Each structure stands twice: as C-alpha cells, then as structure tokens.
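On a predicted model such as this, the values are computed, not experimentally measured, just so you know. The figures that follow rest on heavy atoms only: side chains count, while hydrogens, waters and symmetry mates do not.
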Amino acid sequence: MSTEGGTKAVVAALFANLGIAVTKFVAFLLTGSSSMLAESIHSVADSGNQGLLLFGGRQAKRRADAEHPFGYGRERYVYAFVVAVVLFFVGGIFALYEAWHKIGHPEPIDKWQWVPVVVLVAAIVMESLSFRTAIVEAQKVKGADVTWWQFIRRAKQPELPVILLEDLAALVGLVLALFGVSLTLITGDGIWDGVGTAAIGVLLIVVAAILAVEMKGLLVGEAASPEQIAQIRAAIVAGPEVESLIHMRTVHLGPDELLVAAKIAVRHDETAAEVARGINAAESRIRAAVPIARIIYLEPDIYEAGKPVRTDELPDTAEAH
C-alpha cells in the first residue's frame, strides 16, 4: 500500500467528516434529536482521528537519531492506536450514555421534523463518496485473492484499514440514526431515537475494539508477510556465497521499513574478505527482492548438520534452507 494512497483517503475522509459534523450539529440544535447529537460527536471524533493519522504520518518521516537509531516509523501505529481509543470513548461511550438518557426520558421530535432526515441522507451521500475513495485506494494494493477482512488484518500500513473501518462504521451508523429518527417521527415515541443512538454506540465500540487489537499487534512488532519471508530466504541462498540459512527473524520498524536478522552458514575455509563479500552480495539480493528490507544484519557461522541448535537459534522451519 502506498503512503500517498493512504494519505489521499485520510484527506478525503477528513473533509467529508468536517462537513457532515457541521450539518448534523445544526440538525441537533434544531430538533433536539439524540441520534443527531451522537452522530455529530461521531463525526467530530472521526475528523480528529483523521487529523491524528496525518500528524502521525508526518512524525514517522523524521530521520533516525542517537536516541531512536531505528527511526520513527512506528509513530504511525501509535497514532492509529490513539484513534481506536478516541473512537471508543468519545464515540461509543458517549453515544451509549446519550442513549441511556434518551431511553429513560424519551422526547418526540416535534419541530423541524424534516431536517434530520434531509441531513442524514446528505451525510450518507458524502460518507459514501469518502468510503468509495478509500476502497479505490485499497484495491490498488489489496490483491484479487485477498478478502477485505484479510486485508484489514494483514496490512502493515494503518491508514487505509482505519479509514475503511471508520467509513463503514459511519455509513452503518447513519443508517441506524435514520432508522431511529424515522421511527420517532412516525410513531411520535422518542424511545426509538434512543434505540438508534444505542445501536450507534455499540457499533463504534466494536469497530474501536477491532482497530485496537490490530494496532496493538503492529505496535508490539510484527514479522514480514509469509510471501516476503519466502522471498528473503530465497534471496539469501540464491548465491554461491551462502551454504544455507540457519535461522532468520524479521520485524517491521514501520509500515515501509523492515529489519532482517539472519544467521547464515558459510564455508569453513573462506577468508574474512570472502565472507564479507558474500554477506554484501546477500544483502544486495535481499534488498532487490524485498525493497522495504532497509536494515539487514547477517551473521556468518559454520553450520554442522549434527550439531545441537540453541533454542534461540531455531530456524523458521524444521530444517535449514
């Protein structure tokens, strides 16, 4: 996934949510609908979230320094995790509180009845355009054989998965709000407004929980994809300099930066200069195969087939490659 594609989707979502938040809040002031208030807060939270994603992207571009020798790439994961927390508390918990209050003290919408319906329909149109932008950008890198759920679970760049889930939640939330407002107008019973608000709150909490789990995994540190690991292994042993791969570890330092550490078997009769040239050649092959492998550490060793291997040196598969 390109960083530019993620940024485009974030910016599109930001402008859409700012416009939607204003119209929803005006509708709330005119009608007093709790669904409109919950949706207003939801859009404000989403706008703040997009701002956090953009800020995290800028922070991640800072150069490595003495205090952070591997750079700031994981800043994007930090701010994506904050987005999940904001969505949970500001969006979900507030909506549930407002629903509890509205269900306990239901009030009909007895003025400006047409305003919330018009606003919600307009918001659905604007949110659909934002969602379409996110889908178009994601499809460029998703792959035909990958489902949307797999894409969200496996993506190392946080922006598009976050925007996809946010926009989907926003669209479903708007439909739920329209359901609650419409039934309130039809029946004259304000409890339906509260029911719609409660459904929005539950939806936001579920989406926030999914985002939090995914971002936590990235923050802790995830390995390269199985396809990338296979490419790196093949690249290491492709030249005559390496007899076999004893073991290897990979970890994402950021969405577009991968650290590769491996112990490789070399011939026992090679000179230090020959080993150094072999390591350099293997590193070049790795970078050609997987361009995001920016930091590579290869440790030469003499591999003996019958020699016990320490538990911290077990190869990624049952035998060395």
Side-chain angles (χ1 to χ4, degrees), residues 1-18 20-21 39 41-61 72-93 95 126-143 146-174 200-201 203-222 225 252 254-257:
M1 176 193 321
S2 66
T3 302
E4 293 77 11
T7 301
K8 182 178 179 180
V10 174
V11 172
L14 174 60
F15 282 111
N17 279 304
L18 286 174
I20 292 170
E39 278 295 311
I41 300 300
H42 178 190
S43 294
V44 171
D46 280 353
S47 299
N49 290 342
Q50 276 101 55
L52 286 171
L53 291 175
L54 292 172
F55 182 73
R58 288 179 60 87
Q59 293 292 97
K61 293 178 181 179
Y72 293 84
R74 288 187 181 177
E75 290 267 12
R76 288 164 69 180
Y77 301 150
V78 172
Y79 285 95
F81 185 80
V82 173
V83 164
V85 174
V86 170
L87 195 64
F88 180 87
F89 284 103
V90 179
I93 299 300
M126 288 188 282
E127 199 68 63
S128 297
L129 294 175
S130 173
F131 191 38
R132 178 180 178 276
T133 300
I135 290 175
V136 170
E137 295 301 321
Q139 282 179 331
K140 295 177 182 178
V141 292
K142 182 176 75 70
V146 178
T147 66
W148 285 108
W149 179 245
Q150 291 172 333
F151 172 74
I152 290 171
R153 292 296 310 274
R154 297 177 184 177
K156 306 303 180 185
Q157 294 90 342
E159 289 83 6
L160 276 180
V162 170
I163 294 301
L164 283 168
L165 285 177
E166 270 196 354
D167 284 353
L168 177 61
L171 276 173
V172 176
L174 287 167
I200 294 169
L203 170 70
L204 294 179
I205 288 175
V206 170
V207 171
I210 294 172
L211 284 177
V213 170
E214 295 305 315
M215 293 307 113
K216 182 185 79 70
L218 293 170
L219 274 172
V220 171
E222 290 188 357
S225 68
H252 271 272
D256 305 310
E257 189 170 21

Please give me the minimum heavy-atom distance between [X] and [Y], naming the atom from each residue.
| X | Y | value |
| --- | --- | --- |
| Tyr77 | Met215 | O-CB, 4.4 Å |
| Ala134 | Asp167 | CB-OD2, 4.2 Å |
| Val162 | Ala80 | CG2-CB, 4.3 Å |
| Gly73 | Pro255 | O-CD, 3.6 Å |

Is any side-chain heavy atom of [Y] closer than 4.5 Å to one of [X]?
| X | Y | result |
| --- | --- | --- |
| Glu166 | Val207 | no |
| Trp148 | Ile135 | yes |
| Ile163 | Gln50 | yes |
| Leu164 | Phe131 | yes |
| Leu211 | Leu165 | yes |

Next item on the list: Please report the C-alpha distance between Val83 and Leu53 in whole Å, then the side-chain angles of each, then the deciding distance to 0.1 Å, and finally whether the side-chain contact (heavy atoms from CB on, under 4.5 Å) criterion is met.
Entry: CA-CA 8 Å; Val83 164; Leu53 291 175; 4.1 Å; yes
Note to self: Tell me every residue that passes side chain to side chain donor-acceptor pair (under 3.5 Å) with Glu127, counting only those two or more places apart in sequence or in another chain.
What the structure shows: none
Note to self: Test side-chain contact (heavy atoms from CB on, under 4.5 Å) on Glu222 and Lys156; report intermediate values, then the result.
What the structure shows: CA-CA 8 Å; Glu222 290 188 357; Lys156 306 303 180 185; 2.6 Å; yes
Gap between atom [atom2] of [Y] and atom [atom1] of [X] - 0.5 Å precision:
| X | Y | atom1 | atom2 | result |
| --- | --- | --- | --- | --- |
| Leu174 | Ser128 | CG | OG | 8.5 Å |
| Leu14 | Asn49 | CG | CG | 10.5 Å |
| Thr147 | Ile152 | OG1 | CD1 | 8.5 Å |
| Gln139 | Leu160 | CD | CG | 11.0 Å |

Next item on the list: Go through the structure and list residues passing side chain to side chain contact (heavy atoms under 4.5 Å, CB included) with Arg153, not counting sequence neighbours.
Entry: Trp149, Glu214
Note to self: Which residues pass the side chain to side chain contact (heavy atoms under 4.5 Å, CB included) test with Glu75, not counting sequence neighbours?
What the structure shows: Gln59, Ala60, Arg62, Tyr72, Tyr79
Checklist line | Residues Asp256 and Lys61 bridged, charged N to O under 4.0 Å | finding: no
Notebook entry, point to check: With distance as the sole test, does Arg76 use its side chain to make a donor-acceptor pair with the main-chain N or O of Leu54 at under 3.5 Å?
Noted result: no
Notebook entry, point to check: Is the side chain of Ser130 donor-acceptor paired with the backbone N or O of Met126 at a distance under 3.5 Å, no angle test?
Noted result: no
